[in-house]
Amino acid sequence: MSENAELTVLVYNASDNPLAPLLVSELKAIKDAGFQQHTNVIVYFDPMERGIATQVYDVNRKRKEVFKKRFPQDPELQDRIGDGRDSFVRKFKEDQIPGKKLTGGMRATSAGVDDAFTSLKNFVEFGISKYKAERYILFLVGHGMIIGNDAFLPDEDPVSAITLQNLKDVLANFTNNGPTSLSLLYLHSCSMSSIEVAYQLRGLANYLIATQGPTFVNSVPFRQVIKKTLNQVKEVKDNARREASAARQNEAEAVNNAHVDMDELIRKIFSHCMHHNTDFITVGYSADIVLCDLNREKVERLKKPIQDLVSRLKEHLAPRVSLIKDLILLSHWESQSFYSENYTDLHDFCDCLAKRCRDQMLVFADNEPVKAELQKLAEECDEVKSAIIDESEPGLVLREENHGMRYPFARGLSVYFPWCEPLDDQR
């Protein structure tokens, strides 16, 4: 455990399913990234095999202790980031945290009796209480699609999954009745970049990285991401130590007061993942990725424009025959969709509908009532678009990228917009 930790990275693998063996390579990648004395990396892994307990790893814990004792007078030599010339393949078994050092809740989770929500809750509470840090990054790895069917991070034993309310309750642990200490929430799961998710989690993390479409095992280059993180912390701490030494000031105090620029680090993490994902094009897979600002005010700016737009859409969908109803249906059909067309990119839908409305304004140039209604609907679409991506200043969506042929009009955030009411919808 790092004293006076600058950053704790928590990686939760919901792997009690066929993903389990595929995620072993990600565990190895995280370990191979190395270690840094002011950074904790804690990993949760739930194997699918019967009789194998859930495991929690303090990554490279023993190596950190060895190097700290080996170089007590030279802190810069206490860190080892990356392999260098060392090609040895290390086992992550040595990093497993023994049961006696776990919290009571985490011990119960390790015994395999907890459902998905309780397991995630116990892991996050364990990470925050035992690995205190100035800031946190949380990776949630597993199956997605939380909107519409609550199938996020499913567990096979017992059969359970995380609801959106569950996720909100878990992330509230990072606020402690004040500003959040969670700098980045990375949802390494399919179809999690949605308006519903962003709105529910507003203010509970500073930034969100996710995808509207599918995400793939190993689409996060964990070794490079963790290396970048460790190097960023090391650079800040080493510079502070050198400057304090040169000025004959208290080095320990200077190091504790030197903090990483998390905004810069998160943008670099996004860039690493975005560039890494381009390799999936080679084998024919398409993907998208988005970086969102979960600032409460930015997210809530979207509330009224969406409410106004939805009210007007409902009004025009009611008649059996309606010009605007046809425009809505055609725009829905034309706009970027995901997961069997149950999710629609909200920005692209509004863009398609606004363009169709303005085209029809030319047709009905002499019909002022129809023209005015079309104009009003187009303007409401523009309001929603500008709340998602603001061209004049950083908005809700800070960066969005897509690769391949399937998602060329992905603009960052989808909305649950199925073509018909779900047959088993009880709410």
Side-chain angles (χ1 to χ4, degrees), residues 144-148 152 163-165 167-168 171-172 175 179-180 182-187 191-213 263 266 270 288-317 328 331-332 335-339 342-355 357 375-402 407 409-418:
M145 296 180 297
I146 201 169
I147 307 301
F152 182 47
T163 67
L164 191 48
Q165 182 61 49
L167 186 56
K168 179 180 179 181
L171 297 188
T175 61
T180 184
L182 181 60
S183 292
L184 172 64
L185 172 64
Y186 197 124
L187 299 179
S191 302
M192 291 297 292
S193 182
S194 72
I195 294 295
E196 296 91 339
V197 171
Y199 190 81
Q200 189 80 329
L201 304 185
R202 64 196 187 281
L204 298 180
N206 296 132
Y207 297 98
L208 167 70
I209 296 180
T211 64
Q212 296 187 79
D263 293 347
I266 289 163
F270 177 87
D288 72 287
I289 186 170
V290 62
L291 171 63
C292 292
D293 188 339
L294 290 186
N295 175 277
R296 180 175 289 272
E297 292 182 1
K298 286 188 178 181
V299 178
E300 291 183 347
R301 179 188 164 195
L302 190 56
K303 182 177 180 179
K304 187 177 186 304
I306 286 183
Q307 288 178 332
D308 292 343
L309 178 61
V310 169
S311 295
R312 194 166 300 278
L313 295 182
K314 285 183 175 180
E315 177 185 331
H316 288 290
L317 287 172
I328 295 169
S331 299
H332 188 192
S335 52
Q336 182 68 68
S337 63
F338 305 89
Y339 191 63
N342 283 314
Y343 301 81
T344 299
D345 186 283
L346 183 57
H347 189 285
D348 192 45
F349 169 75
C350 289
D351 192 45
C352 292
L353 183 54
K355 287 178 180 176
C357 286
Q375 176 69 24
K376 191 176 296 184
L377 182 54
E379 290 173 352
E380 288 178 346
C381 287
D382 292 340
E383 287 293 320
V384 173
K385 288 169 55 183
S386 64
I388 297 172
I389 301 176
D390 194 330
E391 303 296 343
S392 60
E393 63 182 43
L396 175 55
V397 171
L398 299 176
R399 288 192 64 185
E400 41 80 25
E401 301 284 348
N402 61 80
Y407 311 115
F409 300 103
R411 301 303 305 275
L413 290 166
S414 63
V415 64
Y416 184 57
F417 196 1

Residues Leu313, Leu377; criterion side chain to side chain contact (heavy atoms under 4.5 Å, CB included); working and verdict
CA-CA 9 Å; Leu313 295 182; Leu377 182 54; 4.2 Å; yes
Return the minimal non-hydrogen interatomic distance between [X] and [Y], and the atom names on each side.
{"X": "Ser335", "Y": "Asp348", "value": "CA-OD2, 3.2 Å"}
{"X": "Pro305", "Y": "Leu302", "value": "CD-O, 3.4 Å"}
{"X": "Leu201", "Y": "Leu167", "value": "CD1-CD2, 3.8 Å"}
{"X": "Gly412", "Y": "Asp345", "value": "N-OD2, 3.5 Å"}
{"X": "Ile266", "Y": "Ile209", "value": "O-CD1, 4.4 Å"}
{"X": "Lys303", "Y": "Tyr199", "value": "CD-OH, 3.3 Å"}

Is it the case that the side chain of [X] and the backbone of [Y] share a donor-acceptor pair, with hydrogens and angles ignored and the cut-off at 3.5 Å?
{"X": "Tyr407", "Y": "Gln212", "result": "no"}
{"X": "Lys298", "Y": "Pro394", "result": "yes"}
{"X": "Ser337", "Y": "Asn342", "result": "no"}
{"X": "Glu196", "Y": "Tyr416", "result": "yes"}
{"X": "Ser191", "Y": "Gly144", "result": "no"}
{"X": "His316", "Y": "Ile328", "result": "no"}

Min side-chain heavy-atom separation Phe270-Leu398 under 4.5 Å:
no
Does the side chain of Thr344 reach to within under 4.5 Å of the side chain of His332, using non-hydrogen atoms?
yes
Would Thr180 and Leu294 satisfy side chain to side chain contact (heavy atoms under 4.5 Å, CB included), going step by step from the backbone distance to the final call?
CA-CA 11 Å; Thr180 184; Leu294 290 186; over 6 Å; no
First locate atom [atom1] of [X], then atom [atom2] of [Y], and finally report the distance between them rounded to the nearest 0.5 Å.
{"X": "Cys350", "Y": "Arg411", "atom1": "SG", "atom2": "CZ", "answer": "12.0 Å"}
{"X": "His347", "Y": "Cys352", "atom1": "NE2", "atom2": "SG", "answer": "10.5 Å"}
{"X": "Thr163", "Y": "Lys168", "atom1": "OG1", "atom2": "NZ", "answer": "11.0 Å"}
{"X": "Phe152", "Y": "Leu187", "atom1": "CZ", "atom2": "CG", "answer": "5.0 Å"}
{"X": "Lys385", "Y": "Leu346", "atom1": "NZ", "atom2": "CG", "answer": "11.0 Å"}
{"X": "Glu400", "Y": "Ile389", "atom1": "CD", "atom2": "CD1", "answer": "4.5 Å"}

Determine, step by step, whether Leu182 and Leu204 satisfy the side chain to side chain contact (heavy atoms under 4.5 Å, CB included) criterion, reporting the C-alpha distance in whole Å, the side-chain angles of both residues, the deciding distance to 0.1 Å, and the verdict.
CA-CA 7 Å; Leu182 181 60; Leu204 298 180; over 6 Å; no
Do other residues, nucleotides or ligands put more than 12 heavy atoms under 6.0 Å from the CZ atom of Phe409?
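No, CZ of Phe409 has 12 or fewer neighbouring heavy atoms, counting only those of other groups under 6.0 Å.
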Does the pair Arg301/Asp390 count as a salt bridge with the N-to-O cut at 4.0 Å?
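Result for this pair is yes, salt bridge flagged.
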In terms of side-chain geometry, is the basic nitrogen of Arg312 or Asp308 positioned less than 4.0 Å from the acidic oxygen of its partner?
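No, this pair does not count.
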Qualifying residue, where the test is side-chain contact (heavy atoms from CB on, under 4.5 Å) with Leu208 and the options are Leu291, Leu185, Val290
Leu185
As a quick check of understanding, evaluate side chain to side chain contact (heavy atoms under 4.5 Å, CB included) for Ile306 and Val415, giving each step before the final call.
CA-CA 11 Å; Ile306 286 183; Val415 64; over 6 Å; no
Identify, with sequence neighbours excluded, every residue that meets salt bridge (Lys or Arg N to Asp or Glu O under 4.0 Å) alongside Asp263.
none
